[in-house]
2 protein chains.
Amino acid sequence: MNLLSIGQVAKAVGISVETVRFYEKQGLLLAPMRSESGYRQYKPDTLKQLRFIQRAKKVGFTLNEIKELLSLRKIPNSNCTNLKQRALKKIGEIDAKLNDLNRIRDSLSQLSRRCNSEENIVDCPILEYLDDDKRNEKDESRTHL
Amino acid sequence: MNLLSIGQVAKAVGISVETVRFYEKQGLLLAPMRSESGYRQYKPDTLKQLRFIQRAKKVGFTLNEIKELLSLRKIPNSNCTNLKQRALKKIGEIDAKLNDLNRIRDSLSQLSRRCNSEENIVDCPILEYLDDDKRNEKDESRTHL
DNA sequence: TTAGACCCTATAGTGTACTTCAGGGTCAAG
DNA sequence: CTTGACCCTGAAGTACACTATAGGGTCTAA
Ligand SMILES: [Zn+2]
Ligand SMILES: [Zn+2]
Ligand SMILES: [Zn+2]
Ligand SMILES: [Zn+2]
């Protein structure tokens with residue numbers, strides 16, 4: 001069966017055992033089976049779920065939002081149409097984040113492009129601006145940040 | 001000159017005046033000039049900066065990280081090479097986030113694709129899995145989440 | 001059979017990012 | 001000249017996501 005202790009799980013994904021127990025209490029992780037002595041015993045699948053949680057956290061989802069994302073795997077009280085709609089809604093939220101992230105990325109890459117690595121600071125052309133233009137071009141005076 | 005009050009700024013970007021003052025205290029916003037009576041008077045640029053902050057927050061940057069991002073506009077104690085390196089490092093962090101976000105997006109879109117909107121719940125093929133495969137294919141038993 | 005690494009629960013404490021409160025002052029409209 | 005919407009500071013309070021502490025039990029190896 002090859003089950004994992006909480007310590008093995010925590011170490012494998014790089015979090016603390018307390019965090020794993022915390023996620024269980026918050027409903028992000030299902031309570032695993034227990035050994036005779038009451039120790040938690042995790043299926044290897046748990047690692048994937050925890051890594052999913054970590055990715056989602058890194059891009060700004062709250063634990064409650066992550067719980068919603070994970071709930072898409074579970075049987076909804078309604079039908080597939082409902083489930084699919086919820087998934088598509090989440091994808092929309094993700095696309096909004098991708099958009100924000102790309103805007104920030106563009107700002108920074110424009111900033112680094114404008115800066116010639118060889119020049120000295122006094123000639124640097126980018127010391128005042130971090131543009132977020134290139135999108136929403138119809139906005140008012142969009143010149144800086 | 002067309003300066004904005006803190007209330008106008010807050011309303012324009014959809015946050016509270018307290019949050020604007022809080023960002024100033026945290027160093028994310030430079031202290032603006034004041035009117036004779038001590039009221040803050042913002043240049044319209046401030047709106048762009050606040051919107052940048054909001055985008056960055058949404059994709060999981062902390063206020064301290066955002067301060068670092070914003071600091072790329074300012075004169076560093078060193079030279080352009082240093083500045084450019086910092087910008088490129090940040091871009092790397094953003095690319096990692098883009099990667100995570102795309103993995104999550106793939107999981108969800110695969111989930112919604114597998115689910116035929118017409119079928120009833122009993123036939124639904126996706127009720128147990130939310131894959132994060134397609135990347136890191138060399139990993140151990142990568143079948144679920 | 002005992003030291004040390006690990007596990008358990010319950011509860012308290014921490015850091016981040018606000019939000020609210022207390023006690024004011026400013027200003028345009030009526 | 002007062003009323004109401006707005007502004008000020010400083011301090012206290014809150015929600016979220018952990019993190020640490022207290023007071024245990026388990027297990028493996030010397
Ligand atoms: Zn430069
Ligand atoms: Zn289905
Ligand atoms: Zn008051
Ligand atoms: Zn103890």
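The basis for the numbers below is simple: all heavy atoms, side chains too, and nothing from hydrogens, waters or symmetry mates. Chain letters run A, B, ... following the sequence lines, proteins first and then strands; every chain starts at 1. Here the structure is a predicted model, which means the values were calculated and not measured.
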Ion pair A:E93/A:K97, N-O distance below 4.0 Å: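 Looking at A:E93 and A:K97, the cut-off is not met.
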Lys/Arg N to Asp/Glu carboxylate O, A:R40 vs A:E24, below 4.0 Å: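 So A:R40 pairs with A:E24 through a salt bridge.
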Under 3.5 Å side-chain donor-acceptor pair for A:S112 and A:S109: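 Absent: no donor and acceptor within the cut-off.
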From [options], nucleotide with atom closest to [X] side chain:
| X | options | answer |
| --- | --- | --- |
| B:T19 | D:dT19, C:dT26, C:dT19 | C:dT19 |
| A:K57 | C:dT20, D:dA17, D:dC7 | D:dA17 |
| A:L63 | D:dC18, D:dA20, C:dC7 | D:dC18 |
| B:Y23 | C:dC18, D:dC7, D:dC27 | C:dC18 |

Taking atom [atom2] of [N] as reference, at what distance in whole Å does atom [atom1] of [X] sit?
| X | N | atom1 | atom2 | answer |
| --- | --- | --- | --- | --- |
| A:E65 | D:dA17 | CD | C1' | 14 Å |
| A:L29 | D:dC18 | CG | P | 12 Å |
| A:I6 | C:dT9 | CD1 | P | 8 Å |
| A:Q54 | D:dC18 | CD | P | 9 Å |
| A:E36 | D:dC27 | CD | C1' | 14 Å |
| B:Y39 | C:dT26 | OH | P | 7 Å |
| B:E24 | C:dC18 | CD | P | 15 Å |
| A:L50 | D:dA17 | CG | C1' | 15 Å |

Contact nearer the 5' end of DNA chain C, comparing B:Q26 with A:G38: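 It is A:G38 whose nearest nucleotide is closer to the 5' end.
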Closest-nucleotide ordering on DNA chain C, the 5'-leading residue of B:E18 and B:N64: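 Final value for this comparison: B:N64.
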Hey, are the side chains of [X] and [Y] touching, using non-hydrogen atoms and a 4.5 Å cut-off?
| X | Y | answer |
| --- | --- | --- |
| A:L50 | A:I53 | yes |
| A:R73 | A:Q49 | yes |
| A:L47 | A:Y42 | no |

Using a heavy-atom cut-off of under 4.0 Å over every strand shown, decide if [X] touches base, sugar-phosphate, or nothing.
| X | result |
| --- | --- |
| A:K11 | nothing |
| B:T62 | sugar-phosphate |
| A:R21 | base |

So does [X] get a side-chain nitrogen or oxygen closer than 4.0 Å to the phosphate oxygens (OP1/OP2) of [N]?
| X | N | result |
| --- | --- | --- |
| A:S37 | C:dC7 | no |
| B:R34 | C:dG25 | no |
| B:R40 | C:dT26 | no |
| B:S35 | C:dT26 | no |

